[in-house]
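Notes for the one structure printed next.
Letters go in sequence order (proteins before strands), and every chain restarts at 1. All values below come from the heavy atoms of this structure, side chains included, with hydrogens, waters and symmetry mates left out. Source: prediction; values computed, not measured.
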There are 2 protein chains.
Amino acid sequence: MLANQIEIQVKEKNGSLVDFIINLQRYAVAGQMFSDITHELNNIVGAMLGFAQIAKMTNKENDIKKCFEVIISCSEKAKQINNSMLSYLQANSKDEREADINTIIYQSISLANKGFYRKGIKVSFLPGSIPIIKLRIGLFQHAFLNFLLDVKKNISNGKELKITTEHNEKEKQIEINLRNSTFLADCRTRAERLESFQDIFNSFENPDGLNKDINVRIASWIVNKEIGGEVLNSGEEKVTGYKIKIPV
Amino acid sequence: MLANQIEIQVKEKNGSLVDFIINLQRYAVAGQMFSDITHELNNIVGAMLGFAQIAKMTNKENDIKKCFEVIISCSEKAKQINNSMLSYLQANSKDEREADINTIIYQSISLANKGFYRKGIKVSFLPGSIPIIKLRIGLFQHAFLNFLLDVKKNISNGKELKITTEHNEKEKQIEINLRNSTFLADCRTRAERLESFQDIFNSFENPDGLNKDINVRIASWIVNKEIGGEVLNSGEEKVTGYKIKIPV
């Protein structure tokens with residue numbers, strides 16, 4: 001067993017390596033967003049510092065009042081970012097609860113938004129009228145953030161990402177669309193290569209080591225196996241759009 | 001291959017799964033600290049908000065001046081935390097550079113300190129006179145933060161964690177000690193179970209799924225294989241102290 005080659009056998013039922021990697025990857029997603037969020041917080045704190053310094057130098061009562069207003073509104077903005085992050089990190093990822101997917105998407109966008117902003121990408125979200133469903137909220141947000149971060153990585157600077165939700169009553173599902181502005185065709189190709197966790201393991205055989213689609217692979221696996229949904233992608237070489245279907 | 005049992009073969013030389021897990025775990029460490037750091041930032045921002053609101057209500061010039069001073073010093077504290085985090089996340093973990101280990105430890109403590117503070121644990125660091133060495137800084141900090149987080153998890157509330165560094169000229173190594181106040185005996189037991197990355201994989205066979213020592217196992221592996229050092233632990237059932245030896 002201490003030879004060059006290590007053989008690992010993971011029982012799919014037991015799934016401990018799978019659980020480990022998914023749990024690790026959830027924190028890693030937070031770590032990856034941390035960089036962008038920290039930059040955003042630095043900007044906010046920088047503004048507060050600037051206005052406090054201006055207020056210190058002036059004697060005009062009105063100017064001082066204005067500076068306080070800015071500092072107070074900055075504080076509230078910073079607290080909102082912090083609280084979104086805490087609620088993501090503290091959610092028990094397997095707990096199933098009644099949830100409004102629109103709210104989860106809104107919160108996820110607010111977490112990832114700083115990264116898009118830095119690339120000059122505009123994110124627009126048009127929430128549809130969708131029913132409240134029972135959902136593993138933590139896992140869903142984990143998966144959704146992975147899709148967002150993947151689109152962010154693959155979308156060109158200055159483009160637009162349009163996110164919509166809709167309720168398909170006939171097929172009894174909620175459909176979530178992530179599309180960039182140049183991706184006009186409907187998502188029709190089932191993301192076949194993302195079906196099984198085994199694909200994720202297989203990709204480690206890649207001589208480059210890390211497989212670049214690893215986040216999306218894990219996210220699709222969560223949607224398929226843990227949420228019972230389905231993921232479609234653009235079918236193009238460079239993935240820049242997703243349609244996620246969640247059963248109602 | 002789509003049977004119940006998945007067989008994964010990872011070539012130790014190629015090591016892509018190892019690289020993947022180490023890289024993922026590095027971001028996960030950041031994610032784990034994020035929760036504590038976000039609480040700390042929330043406190044700082046809360047203080048800024050409070051003083052801005054007080055200043056808004058008063059007309060006494062002196063009180064207003066004092067509030068500005070608090071807001072400015074809070075801003076600087078928040079920026080320092082943010083910048084420590086950014087430098088950890090943005091470091092290329094494999095780049096080898098000349099480094100002062102005392103500085104890296106100091107920065108790591110400042111990142112993890114919020115978590116200790118919340119458990120009422122005092123962390124004291126007495127930096128010794130040690131030489132500057134060529135080191136993979138990102139990997140070393142990754143490993144060191146893992147040891148810190150492990151001690152934090154296993155140390156009782158209200159205890160003290162003492163960290164020291166010293167230069168052992170005879171054995172040509174830098175020794176870093178992490179000890180809690182009840183851990184009096186010297187670290188003499190080599191952490192044998194932490195020698196190989198294979199142990200980490202084997203631990204997934206554990207019916208509980210996640211192995212609780214996983215952070216320490218990965219950290220020891222990094223010190224052994226990537227830094228060329230050695231890790232000793234207390235040899236007690238519950239690990240609450242470490243001695244890390246880095247060759248000079």
Specify which of I44(A), V29(A), L49(A) makes the most heavy-atom pairs with chain B at under 4.5 Å.
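The candidate making the most pairs under 4.5 Å is L49(A).
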For each of G46(A), A78(A), A30(A), A55(A), tally heavy-atom pairs with chain B at distances under 4.5 Å, and name the one with the top tally.
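Highest number of heavy-atom pairs under 4.5 Å: A55(A).
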I want to check something: taking the side chain as every heavy atom from C-beta on, are V45(A) and E76(B) in contact at a cut-off of under 4.5 Å?
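No; the side chains remain at least 4.5 Å from each other.
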Should T38(A) and N83(B) count as side-chain neighbours, where that means a heavy-atom distance under 4.5 Å?
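A side-chain contact under 4.5 Å is absent here.
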If you tally heavy-atom pairs under 4.5 Å against chain A, which of [options] wins?
options                : answer
K79(B), M33(B), K65(B) : K79(B)
F51(B), F34(B), Y27(B) : F34(B)
H39(B), Q53(B), E61(B) : H39(B)
A28(B), A52(B), G50(B) : A28(B)

Tell me, side chain or backbone of L89(A) under 4.5 Å from chain B's heavy atoms, or both, or neither?
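The side chain, not the backbone.
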Which atoms of I64(A) come close to chain B, meaning under 4.5 Å heavy atom to heavy atom: side chain ones, backbone ones, both, or neither?
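Side chain only.
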Does atom [atom1] of [X] have more than 12 heavy-atom neighbours from other groups under 6.0 Å away?
X       : atom1 : result
K66(B)  : NZ    : no
F144(A) : CZ    : yes
R97(B)  : CZ    : no
K56(A)  : NZ    : no

Quick one: what part of I37(B) sits under 4.5 Å from any heavy atom of chain A, side chain, backbone, both or neither?
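The side chain, not the backbone.
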Quick check for you: to the nearest 0.5 Å, what is the distance between L41(A) atom CG and N82(B) atom CG?
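It comes to 5.5 Å.
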F68(A)-F68(B) aromatic ring centre distance below 6.0 Å
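Yes: the rings meet the under 6.0 Å criterion.
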